[in-house]
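Below are the structure tokens for one structure; questions will follow.
Owing to the predicted nature of the structure, the values given are computational and were not obtained by experimental measurement. Quick note: numbers below take in every heavy atom, side chains included, and nothing from hydrogens, waters or symmetry partners.
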Amino acid sequence: MAAFSQDDHRHMARALRLAEQGLYTSDPNPRVGCVLACGATLLGEGFHRRAGEAHAEVNALFAASEHARGATAYVTLEPCSHTGRTGPCARALVDAGVARVVVAMTDPNPQVSGRGVALLEAAGIRVEVGLMCEQAQRLNPGFIARMTRKRPFVRLKMAMSLDGRTAMKSGESQWITGPDARSHVQRLRARSSAILSGVESIIMDDSRLTLRAEQLGLYNAAEVAQRQPLRVIVDTHLRMPRAAACLREPGRTLVVTVDAENAGHAAEKRAALENAGAEVVTLAASAEGRVDLAALMAHLARAEEVNELLLETGATLAGAMLDAGLIDELWLFMAPTLLGTGARGLFALLGLERMAEQRRLQIHDIRAVGQDFRIIASPLATSAAGDTKVP
């Protein structure tokens with residue numbers, strides 16, 4: 001790996017901070033930042049705000065103007081080499097006459113990875129890859145998952161009491177946590193391509209599953225709230241109420257069911273939901289006759305370009321997603337309250353009878369959020385012998 005200078009680190013750190021400005025708006029494109037500099041002198045900078053608009057490199061080149069010739073470009077993601085909604089950024093850097101390009105990480109898409117670097121090198125530009133790579137990867141977990149694993153990065157959000165309960169026995173759950181925690185949840189929704197829930201949660205809570213500008217706590221909340229995440233409801237038996245609030249909200253709602261012939265669904269149920277504003281998607285059933293969750297993840301990545309998926313649901317679907325190994329990260333908001341033995345738990349996990357079968361988590365962060373606590377964790381892989389390891 002190349003030896004990078006203090007200036008290199010400083011400029012790449014700035015490029016990463018710029019990329020963060022597209023956290024809530026660039027979807028389904030990755031978050032990318034770019035800095036043009038000569039030694040310690042900053043010449044221009046830019047980031048990718050939203051799909052269809054100029055990429056980070058083009059914005060930085062525009063800011064630097066003729067000063068870009070002979071400069072070094074610091075880019076958080078390998079410059080693209082193909083023409084999509086915009087032209088290839090690698091070619092723009094060549095045409096601008098930059099002398100060196102420092103790239104944090106290569107493009108995770110195996111079909112294009114390395115091509116941008118090759119185009120730059122073929123033009124005689126010195127390219128160095130790997131500076132602050134881990135920080136760049138953390139900016140785009142969903143884009144990386146969609147490109148490499150052909151599924152979204154799945155983040156589970158749940159609110160619970162100190163005794164691990166999510167709702168009263170009746171299903172009443174609003175509100176366990178306070179306004180600060182709810183603002184964090186709104187920002188999780190804002191960075192997500194889609195929100196996944198089960199039909200039971202819709203029946204019980206009539207959740208809107210939308211962004212609410214007044215709860216985001218961002219300076220550009222109104223702009224962010226204009227992009228409503230795709231709403232996805234798992235509904236094997238098409239029980240979705242036609243009067244559900246989420247069907248009347250801006251944006252799209254997918255109701256995902258199984259093959260009609262196998263499940264015996266009446267065509268009129270589907271027609272009624274579609275007339276109410278839903279888009280009904282039919283997938284093959286699992287061996288248990290329910291929606292195949294792995295197939296659903298593949299469909300969302302392929303057909304809907306979902307990078308980050310936020311799972312907001314009850315114990316049944318949460319447990320099924322965990323059992324299927326489809327949850328990458330858990331955000332658990334814990335309130336200083338007790339709901340009692342009869343209240344509903346976090347996960348429906350059946351068949352766990354021995355300590356060796358427990359589902360262990362790796363905790364990455366615990367901090368206070370208002371009067372509540374936020375725990376960020378990820379599941380640990382479990383071997384046949386019961387040992388655990390980081391996947």
Gap between atom CZ of R189 and atom CG of L216 - 0.5 Å precision: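 L216 CG to R189 CZ: 10.0 Å, rounded to 0.5 Å.
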Minimum-distance pair of heavy atoms, taken over all atoms of V103 and T106: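 Shortest heavy-atom separation between V103 and T106 comes out as CG1-N, 4.5 Å.
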Side-chain donor/acceptor of R155 to backbone N/O of D328, under 3.5 Å: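 Between the backbone of D328 and the side chain of R155 there is no qualifying donor-acceptor contact (under 3.5 Å).
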Within-4.5 Å side-chain heavy-atom neighbours: R270 and N275: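 Contact flag for R270/N275 side chains = no.
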R10 atom CZ, over 12 foreign heavy atoms within 6.0 Å: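 Yes.
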S183 versus D180, side-chain donor and acceptor atoms under 3.5 Å: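 Looking only at side-chain atoms, S183 and D180 do not form any donor-acceptor pair under 3.5 Å.
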R69/D95 under salt bridge (Lys or Arg N to Asp or Glu O under 4.0 Å): CA gap, chis, key distance, verdict: CA-CA 9 Å; R69 185 163 299 278; D95 293 343; over 6 Å; no
Minimum side-chain heavy-atom gap M321-L156 below 4.5 Å: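 In short, these two side chains do not touch, never coming nearer than 4.5 Å.
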Within one Ile-Leu-Val-Met-Phe-Trp-Tyr cluster: V35 and V58, side-chain cutoff 4.5 Å: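 No, it is not one cluster - the side chains of V35 and V58 are not joined through contacts under 4.5 Å.
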Same apolar cluster: V112 and I144, side chain cutoff 4.5 Å: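 No, V112 and I144 fall in different hydrophobic clusters.
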Min side-chain heavy-atom separation L310-L196 under 4.5 Å: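 SC-SC contact between L310 and L196 ruled out.
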Min side-chain heavy-atom separation C80-H55 under 4.5 Å: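 C80 reaches H55 side chain to side chain.
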Any C246 side-chain heavy atom under 4.5 Å of M240 side chain: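 C246 vs M240: side chains touch.
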S5 backbone acceptor or donor facing D8 side chain under 3.5 Å: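 Yes, the answer is positive, given that a donor and an acceptor are paired below the 3.5 Å cut-off.
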Heavy-atom check, side chain of V258 versus side chain of T282, under 4.5 Å: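 With C-beta onward as the side chain, the pair stays apart.
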SB check R252 E304 (cutoff 4.0 Å):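 Salt bridge flag = yes for E304 with R252.
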Salt bridge present between K269 and D235 (N-O < 4.0 angstrom):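 Result for this pair is no, no salt bridge flagged.
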Worked verdict on E200 versus R239 for salt bridge (Lys or Arg N to Asp or Glu O under 4.0 Å): CA-CA 9 Å; E200 195 67 34; R239 297 186 295 133; 3.0 Å; yes
Enclosure of R50 CZ (heavy-atom neighbours >12, cutoff 6.0 Å):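 It does: R50 CZ has more than 12 such atoms within range.
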Pair S113-D107, side-chain donor/acceptor within less than 3.5 Å: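 No, no side-chain donor-acceptor contact under 3.5 Å.
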Spatial distance of atom CD (E78) from atom CG (L120) [nearest 0.5 Å]: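 Separation between the atoms: 8.0 Å.
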Salt bridge E223-R49, side-chain N to carboxylate O under 4.0 Å: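 Here E223 pairs with R49 in a salt bridge, since their nearest N and O are under 4.0 Å apart.
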Geometric class of the H9/F4 ring pair [parallel <30°, tilted 30-60°, perpendicular >60°]: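 Taking H9 first and then F4, their aromatic rings stand perpendicular (interplane angle over 60°).
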R187 vs L218, side chain to side chain contact (heavy atoms under 4.5 Å, CB included): CA-CA, chis, key distance, verdict: CA-CA 9 Å; R187 291 196 286 274; L218 300 172; 3.7 Å; yes
E20 vs L139 side-chain heavy atoms within contact, under 4.5 Å: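 They are in side-chain contact.
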V369-I363 co-clustered via ILVMFWY side chain contacts under 4.5 Å: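 The answer is no; the residues belong to distinct hydrophobic clusters.
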CE on M12 to OG1 on T72, rounded to 0.5 Å: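 Going from the OG1 atom of T72 to the CE atom of M12 covers 10.5 Å.
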Interatomic distance, I195 atom CD1 to E308 atom CD [nearest 0.5 angstrom]: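 One finds 12.5 Å between CD1 of I195 and CD of E308.
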Euclidean distance, L16 CG relative to Q135 CD, rounded to 0.5 Å: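 Between atom CD of Q135 and atom CG of L16 there are 6.5 Å.
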Closest heavy-atom pair and its distance - G251, Q228: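 Looks like CA-CB, 4.5 Å.
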Exam field: side chain T253 to backbone L247, donor-acceptor pair closer than 3.5 Å: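 No, T253 side chain to L247 backbone: no donor-acceptor pair under 3.5 Å.
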D163-S161 side chain donor-acceptor pair, cut-off 3.5 Å: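 There is such a pair between these side chains.
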Over 12 non-hydrogen atoms of neighbours within 6.0 angstrom of CD in E214: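 Enclosed.
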Spacing of CG belonging to L296 relative to CG belonging to L309, to within rounding of 0.5 Å: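 Nearest 0.5 Å value for the CG-CG distance: 7.5 Å.
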Pairwise side-chain contact, L317 with V234, heavy-atom cut-off 4.5 Å (strictly under):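 The answer is yes, as the side chains (C-beta and beyond) meet within the 4.5 Å cut-off.
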Presence of salt bridge, R374 and D365, under 4.0 angstrom: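 A salt bridge is present here (some side-chain N lies under 4.0 Å from a carboxylate O).
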